[in-house]
Amino acid sequence: MQYSAVIPAAGIGKRMGLGFNKIKYEIDGQSIIHRTVDIFNQDPDCKEIIIATGKEDIEELNEELKDVKKVKRIVLGGKERQHSIYNALLHVDADYVFVHDAARPFLDMGTLSRLKTAVVEKEAVICGVKAKNTMKTVVDGKVEATINRETTFEVHTPQAFCYNLLMDAHEYARENDLAVTDDAMMVEAYGHDVFMVDSSYNNIKITTVEDLVLGESILRSRER
């Protein structure tokens with residue numbers, strides 16, 4: 001199978017206090033976005049990489065990633081993540097699409113392989129890890145319920161879909177003015193089952209300064 005990797009990459013690093021898009025931050029001499037893109041560039045099943053980002057970052061990313069063979073297009077993102085992904089989907093040229101966070105640079109090939117195998121059969125597949133801690137629903141500071149940890153997963157990316165299914169789900173969301181937090185939620189709203197495969201606890205998203213420290217630790221462990 002061959003797939004297109006769609007990478008939404010807009011953001012200003014507000015929670016990290018950077019004042020610029022966090023994907024440009026360097027970990028051990030290489031930017032987060034470059035590390036993320038390299039994962040897909042090295043996968044022979046990845047046909048192309050399409051990135052959606054803010055207007056202010058398009059020129060810089062084009063320059064930084066000009067030697068990455070599979071980066072075919074960097075498009076203008078939208079107001080929300082789902083709008084950015086839709087803009088990228090308009091340019092996809094593959095039967096399958098993998099949507100991956102730009103700030104998640106430690107995806108391992110085992111997770112990627114499980115997604116590729118499953119999406120051919122299931123059409124809509126996400127990856128994640130079981131919650132380690134006790135999870136509770138809290139409303140206005142009051143605990144309302146304790147969630148069953150055995151059936152609770154922390155969802156990661158990539159999320160993998162049959163292209164036609166994901167595009168139909170996006171069109172459905174646009175027609176019905178749905179606001180979602182990820183593409184799987186959109187596909188669920190469209191009425192299609194979504195399945196789960198195992199990810200790795202190292203497949204973290206760089207969101208806070210503490211994540212940078214963890215990311216450097218992950219790199220050191222891989223080098224060992």
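The chain is numbered in sequence order, starting from 1.
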At their closest point, which heavy atom of [X] faces which heavy atom of [Y], and how far apart are they?
X: Val155; Y: Arg104; result: O-NH2, 4.3 Å
X: Ile49; Y: Cys46; result: CG1-SG, 4.0 Å
X: Gln2; Y: Ala94; result: O-CB, 4.1 Å
X: Ala124; Y: His192; result: CB-ND1, 4.1 Å
X: His156; Y: Ser200; result: CE1-O, 3.2 Å
X: Ala184; Y: Gln159; result: N-OE1, 3.0 Å

If hydrophobic clusters are built by linking Ile, Leu, Val, Met, Phe, Trp and Tyr wherever their side-chain heavy atoms come under 4.5 Å apart, do [X] and [Y] end up in the same one?
X: Ile85; Y: Val187; answer: yes
X: Ile126; Y: Leu89; answer: yes
X: Met196; Y: Val194; answer: yes
X: Val97; Y: Val119; answer: no
X: Phe40; Y: Val125; answer: yes

How long is the straight-line distance from [atom2] of [Y] back to [atom1] of [X], given to the nearest 0.5 Å?
X: Asp57; Y: Ile51; atom1: CG; atom2: CD1; answer: 11.0 Å
X: Thr53; Y: Leu76; atom1: OG1; atom2: CG; answer: 8.5 Å
X: Phe106; Y: Arg35; atom1: CZ; atom2: CZ; answer: 6.5 Å
X: Asp198; Y: Phe153; atom1: CG; atom2: CZ; answer: 6.5 Å
X: Asp211; Y: Thr208; atom1: CG; atom2: OG1; answer: 3.5 Å
X: Glu216; Y: Leu219; atom1: CD; atom2: CG; answer: 7.5 Å

Non-hydrogen side-chain atoms of [X] and [Y] separated by less than 4.5 Å:
X: Lys130; Y: Tyr201; value: yes
X: Asp193; Y: Lys122; value: no
X: Val37; Y: Lys70; value: no
X: Thr207; Y: Lys22; value: yes
X: Ile39; Y: Met109; value: yes
X: Tyr96; Y: Asp45; value: no
X: Val99; Y: Thr157; value: no
X: Asp101; Y: Arg81; value: yes

Are Tyr86 and Glu171 close enough, and set up right, to give a side-chain hydrogen bond (donor to acceptor under 3.5 Å, both in side chains), and what steps lead you there?
CA-CA 9 Å; Tyr86 180 80; Glu171 294 288 4; 3.0 Å; yes
Take atom CE of Met135 as the centre, draw a 6.0 Å sphere, and report whether it contains more than 12 heavy atoms from other residues, nucleotides or ligands.
no
Over 12 non-hydrogen atoms of neighbours within 6.0 angstrom of CD in Glu144
yes
[X] side-chain N/O to [Y] backbone N/O, donor-acceptor pair under 3.5 Å:
X: Thr117; Y: Ser113; result: yes
X: His91; Y: Ala88; result: no
X: Asn148; Y: Glu150; result: yes

What verdict does the side-chain contact (heavy atoms from CB on, under 4.5 Å) test give for Leu61 and Ile23, after you've listed the backbone C-alpha separation in whole Å, the side-chain angles of each residue and the deciding distance to 0.1 Å?
CA-CA 10 Å; Leu61 286 184; Ile23 63 170; 4.1 Å; yes
Will you find, in the side chains of [X] and [Y], an N or O donor that is under 3.5 Å from an N or O acceptor?
X: His170; Y: Asp183; value: yes
X: Ser84; Y: Asn87; value: no
X: Thr111; Y: Asp108; value: yes

Check Lys72 with Asp93, please: is the shortest side-chain N to carboxylate O separation under 4.0 Å?
no
Look at the aromatic rings of Tyr3 and Phe98 and report parallel, tilted or perpendicular, splitting at 30° and 60°.
parallel
Does Thr36 form a side-chain contact (heavy atoms from CB on, under 4.5 Å) with His100? I'd like the steps, not just the answer.
CA-CA 9 Å; Thr36 299; His100 188 63; 3.5 Å; yes
